There are 2 protein chains.
Amino acid sequence: MKQISTRFSIAVHILSLIAVSSNCTGDFIAGSVNTNPVVIRRIMGMLKKAGLLDVRAGVGGAFLLKSPEQITLLDIYRAVNVTKEDQLFRIHDDSNVQCPVGRNIEWVLQSELKEAQSAMEQRLAQTTLSQLTARFK
Amino acid sequence: MKQISTRFSIAVHILSLIAVSSNCTGDFIAGSVNTNPVVIRRIMGMLKKAGLLDVRAGVGGAFLLKSPEQITLLDIYRAVNVTKEDQLFRIHDDSNVQCPVGRNIEWVLQSELKEAQSAMEQRLAQTTLSQLTARFK
DNA sequence: GTTCGTGTAACTATAATGGTTACAACGGTG
DNA sequence: CACCGTTGTAACCATTATAGTTACACGAAC
């Protein structure tokens, strides 16, 4: 990865729209995001699986399952599966155990990078959907 | 990106080896990392361009240009170019400006995600190479 | 039963990753 | 000077992720 997928930013966009006006259809959201409706439906499927929203079958239109105050950017980030196994950093895992560095690098980095990842995630957890929608006036 | 490239963790491995024993050759490092020497040379080229190490041409062997106390994980992270234009998060950038959400989402997310990225980077900046090598006993 | 919206499958083009072979250039050593 | 190990790149490849597209079955209201 050069960058974290736009699935995350689009997911925030989707939830913001629904928070502002309930019962948006996927096609309407696709118009605001300016992309293909299938892309929106796929992401909405992930948000649905994460328990953040639900969709009225047949008739269409989505609504939040939690209030915007209770949805954080971290919830959304986790929902759209932008990192593999929740590990932001990939660490090479076949080092030569004969070497003192090779023998220890993996777990040393594992613990160190977990801290950095956690710092980011905790910052995401501080921002709620309602804080964002307040800025869309 | 599903994950940040192993270039970063391999770069830390490389610099750790050089910090422990100066004048490592690329091939020796490749043996410790357990990968192809060209992969190592490519990453060493980036570290060289970033001013972290230099290599004795012809004879071979690398040495640090800064002391391990002065090299942070953030320096290494930046050196290996694992994110595009130093933006960890990619944000969809073609939203419909007719929509109040679409009109504002980009810069609102830009500023918010910059904070999260920064939180991670500042955590990386707190760890030095010397702190890591101390754990390779 | 028509119609609009949803949920998926399948396919595509593009890009990043990580490994590989090949080879020119460099600089001590014999 | 010739040799030889090392470095620096170029070129190529398989694999994976992304993001878009078409197609179509299904649901529910009208």
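Below, chain A is the first sequence line, B the second, and so on; all start at residue 1. Since we're looking at a predicted model, the values are computed, not measured.
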(request) Scan residues 9-26 of chain A against DNA chain C and write down, sorted by residue number, each residue with any heavy atom closer than 4.0 Å; if none is found, say none. (result)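 Those residues whose heavy atoms fall under 4.0 Å from DNA chain C, taken from residues 9-26 of chain A in numerical order, are Thr25(A), Gly26(A).
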Looking only at side-chain atoms of [X], point me to the closest of [options].
X: Val38(B); options: dT21(D), dT21(C), dA19(D); result: dT21(C)
X: Asp27(A); options: dT17(C), dT18(D), dG5(C); result: dG5(C)
X: Arg7(B); options: dG18(C), dG20(D), dA17(D); result: dG18(C)
X: Val39(A); options: dA16(C), dT18(D), dT21(D); result: dT21(D)
X: Ala57(A); options: dG27(D), dT20(C), dA19(D); result: dG27(D)
X: Thr35(B); options: dG18(C), dG19(C), dT18(D); result: dG19(C)
X: Lys2(B); options: dT22(D), dT18(D), dG8(D); result: dT18(D)

Residue pair [X] / [Y], side-chain donor-acceptor N/O under 3.5 Å:
X: Arg103(A); Y: Asn96(A); answer: no
X: Gln117(B); Y: Glu121(B); answer: yes
X: His13(B); Y: Ser32(B); answer: yes

Within this structure, what is the [atom1]-to-[atom2] distance between [X] and [N], rounded to whole angstrom?
X: Met44(A); N: dG5(C); atom1: CE; atom2: P; answer: 12 Å
X: Asp54(A); N: dT6(C); atom1: CG; atom2: P; answer: 12 Å
X: Arg41(B); N: dA22(C); atom1: CZ; atom2: P; answer: 13 Å
X: Arg56(A); N: dG7(C); atom1: CZ; atom2: P; answer: 12 Å
X: His92(B); N: dG20(D); atom1: NE2; atom2: P; answer: 10 Å
X: Ile43(A); N: dA19(D); atom1: CD1; atom2: C1'; answer: 9 Å
X: Asn81(B); N: dG18(C); atom1: CG; atom2: P; answer: 13 Å
X: Lys84(A); N: dG18(C); atom1: NZ; atom2: C1'; answer: 13 Å

(request) Check whether the side chain of Arg42(B) and the base of dG19(C) form a donor-acceptor pair under 3.5 Å. (result) yes
Is [X] close enough to [N] that one of its side-chain N or O atoms is under 4.0 Å from OP1 or OP2 there?
X: Thr6(B); N: dT17(C); value: no
X: Arg90(A); N: dG18(C); value: yes
X: Lys48(A); N: dG7(C); value: yes

(request) Enter the distance from Met44(B):CE to Ile18(B):CD1 here, rounded to the nearest 0.5 Å. (result)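 So the gap between those two atoms works out to 4.5 Å.
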(request) Starting at OG1 of Thr35(B), measure out to CD1 of Ile40(B) and round the result to the nearest 0.5 Å. (result)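 Here the interatomic distance stands at 6.0 Å.
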(request) Kindly say whether Glu115(A) contributes a backbone atom to a donor-acceptor pair with the side chain of Arg123(B) at under 3.5 angstrom? (result) no
(message) Given 3.5 Å as the limit, does a donor-acceptor pair link the side chain of Gln131(B) with the main chain of Thr128(B), or not?
(response) yes
(request) Please figure out whether Val59(A) or Ile4(A) has its closest DNA chain D nucleotide nearer the 5' end. (result)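 So the residue in question is Ile4(A).
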(request) Determine, stepwise, if the pair Glu85(B) / Lys2(A) fulfils salt bridge (Lys or Arg N to Asp or Glu O under 4.0 Å). (result) CA-CA 9 Å; Glu85(B) 290 158 18; Lys2(A) 265 310 210 193; over 6 Å; no
(message) Students often get this wrong, so: under 4.0 angstrom with heavy atoms, is Gly60(B) touching a base, only sugar-phosphate, or nothing?
(response) sugar-phosphate
